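Down below is the structure, laid out as structure tokens.
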Protein chains: 2
Amino acid sequence: MARTVKGPDARRERWKGHREQRRAEFVEATIAAVAKKGPDVGMDDVAAEAGVSKPVLYRHFTDKSDLYLAVGQKATELLMDRMGPALAADGPIRDRIERIVDAYLSVIEDNPNLYRFVVKGSFVDRPVEKDVVQEDKDLIATTLARILGEYMRAYEMDSGGAEPWAHALVGMVQNAGDWWLDRQTMSRANLSSYLATIIWHAIDGLLRSAGVQADPAMPLTTPLRLVD
Amino acid sequence: MARTVKGPDARRERWKGHREQRRAEFVEATIAAVAKKGPDVGMDDVAAEAGVSKPVLYRHFTDKSDLYLAVGQKATELLMDRMGPALAADGPIRDRIERIVDAYLSVIEDNPNLYRFVVKGSFVDRPVEKDVVQEDKDLIATTLARILGEYMRAYEMDSGGAEPWAHALVGMVQNAGDWWLDRQTMSRANLSSYLATIIWHAIDGLLRSAGVQADPAMPLTTPLRLVD
DNA sequence: AAGTAACCGTTACCTCAAGTAACACTTACC
DNA sequence: GGTAAGTGTTACTTGAGGTAACGGTTACTT
């Protein structure tokens, strides 16, 4: 018997953490470069910003769209870190709505350049196969649909329309957010409250038309998680 | 006095109409090429589709983004041709809402490829200075803000929030439309009615909270035009 | 101690699509 | 007949994404 069981060469494992850290580093460099030189930076710019030459970049990212995707995932992280708790939080429905909306607005307020960069997506030339923005929206919409469905069922209504509802809500908040981000003519708190009011009224109206008298302070017992 | 007043050389005027027609022709070719080869066609493809070589294309469009813009304007035209009447139409508010929503949905239903091409905007590499989609959305939102403002004033309410409202509505309908366009799980009429119900309830709720008893059948007298 | 698998990094190149130069032909106004 | 607009072509330049080929460093393996 020649050798013991072929354990994986430790040299292969040694860098596992390092590689990830390096990728994160380049993602940060991209964000910084975008902040400096606008959204149409090139790979050379990013490499320069990271203090490195292009081929190094390509050791860590297969191509431009891979880098874009990584930036998108970073942004998703920032978003979900705040949206998650807001979506999962229990409590009176009217408060939940406002908290969710405000969580979203706070993220784009704190990272306007990153937000625009990711959403515009003009960094990648060819259409990218994995649409980060769409995925995020879908994830949030799915979660919302569950909340809405549960709420409707709590009042013994048909919850069938929860899905279009959820997508409508997502688009509504996003577009209002875009508008607000460009010309900041009102405070974030004001807009959150305003949007929450609209949303609550729409829900309330649906319930009324189903013959239910809703209570904006009614708490829902089941907390919801963001992902299955 | 050597000669009469220097009339413009007729040779310069002779082509005026022709040039426009030619541009339109290339716009159509672009749309056709996109339908055939997907959204990431090149200028060569477009030229080939038009049965012509690249430099000819560049005699009519300064660059790729100019062509994209022209396609966008064509799409705007299609959109406004249906949205305009719907926005301008007089009548009970609930019906107006549904008609506006349905007008929008009918356009994207009839031209899904064109719609996606223009909205995605991956045809242009560098970010284009004039954002057709944003302009359309702003135009519609502005018009909506006027309708809402007028409606609110009719009930003697403060019409200050009409603008965020309008942008929220635009985003709502667009995103719900996108969702519907991808997985067509319900009829257009159903979705229109559904969205209109949501919107109406939201408006109604606002009015209620202002102590007004609204009537969904109340007509507004002033018809509104799309542009100033 | 020697070998090697992973990384570090560079300069110089390839490729492909956008956009241009240069050239030749056609039409109809002057 | 001259000329200002258009018709069109092939062959080129340019710029950014992406790669080849080279050499150095670290630390695990034998």
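Throughout, protein chains are lettered first and strands after them, A, B, ... in sequence-line order, and every chain is numbered starting at 1. The structure presented is a predicted model; accordingly, all values stated were derived computationally and were not measured.
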Partners passing ring pair (Phe, Tyr, Trp, His ring centres under 6.0 Å) against B:W200 (at least two apart in sequence or in another chain): none

Under 4.0 angstrom between A:R22 side-chain N/O and C:dC7 OP1 or OP2: no

Point-to-point distance, once rounded to the nearest 0.5 Å, from CD1 of A:I203 to CD1 of B:I198: 9.5 Å

For A:D125, side chain to side chain contact (heavy atoms under 4.5 Å, CB included) partners two or more places apart: none

Positions of residues 59-68 of chain A (non-hydrogen atom under 4.0 Å from DNA chain D), listed by number: A:D63, A:K64

Nucleic acid contacts of residues 32-43 of chain A, taken as heavy-atom distances under 4.0 Å to DNA chain D: A:G42, A:M43

CD/B:E135: more than 12 non-hydrogen atoms of other groups inside 6.0 Å: yes

Trace of the side-chain contact (heavy atoms from CB on, under 4.5 Å) decision for B:Y115 with B:V107: CA-CA 8 Å; B:Y115 171 73; B:V107 175; over 6 Å; no

Watson-Crick or G-U wobble mate for D:dT30, both contacts under 3.5 Å: C:dA1

Separation of D:dT19 C1' from A:L57 CG (nearest whole Å): 13 Å

Integer-rounded Å distance: C:dC7 C1' and A:E25 CD: 13 Å

Protein-nucleotides 11-14 of chain C N/O pairs under 3.5 Å:
none

Whole angstrom value for the distance that separates P of D:dG15 from CG of A:D45: 14 Å

Sole candidate of A:R59, A:R23, A:K130 that passes salt bridge (charged side-chain N to carboxylate O under 4.0 Å, His left out) when paired with A:D66: A:R23

Worked verdict on B:Q174 versus B:D178 for side chain to side chain donor-acceptor pair (under 3.5 Å): CA-CA 6 Å; B:Q174 192 194 7; B:D178 285 355; 4.5 Å; no

Candidate pair A:R82 and A:S106, rule side chain to side chain donor-acceptor pair (under 3.5 Å), full reasoning: CA-CA 9 Å; A:R82 290 201 208 165; A:S106 79; 2.8 Å; yes

Among D:dT19, C:dC7, C:dG9, the one nearest A:R19 by side-chain distance: C:dC7

Interatomic spacing from CD1 in B:I199 to CG in B:L195 - rounded to 0.5 Å: 6.0 Å

Between D:dG15 (P) and A:D125 (CG): distance, integer Å: 17 Å

Electrostatic pair B:R116-A:D131, nearest N-O below 4.0 angstrom: no

Would you list the atom pairs, donor with acceptor, under 3.5 Å between side chains in residues 32-39 of chain A and any protein atom, with sequence neighbours excluded?
from	atom 1	to	atom 2	distance (Å)
A:K36	NZ	A:E49	OE1	3.1
A:K36	NZ	A:E49	OE2	3.4
A:K37	NZ	A:D45	OD1	2.8

Whole-Å distance separating the OH atom of A:Y58 from the C1' atom of C:dT15: 12 Å

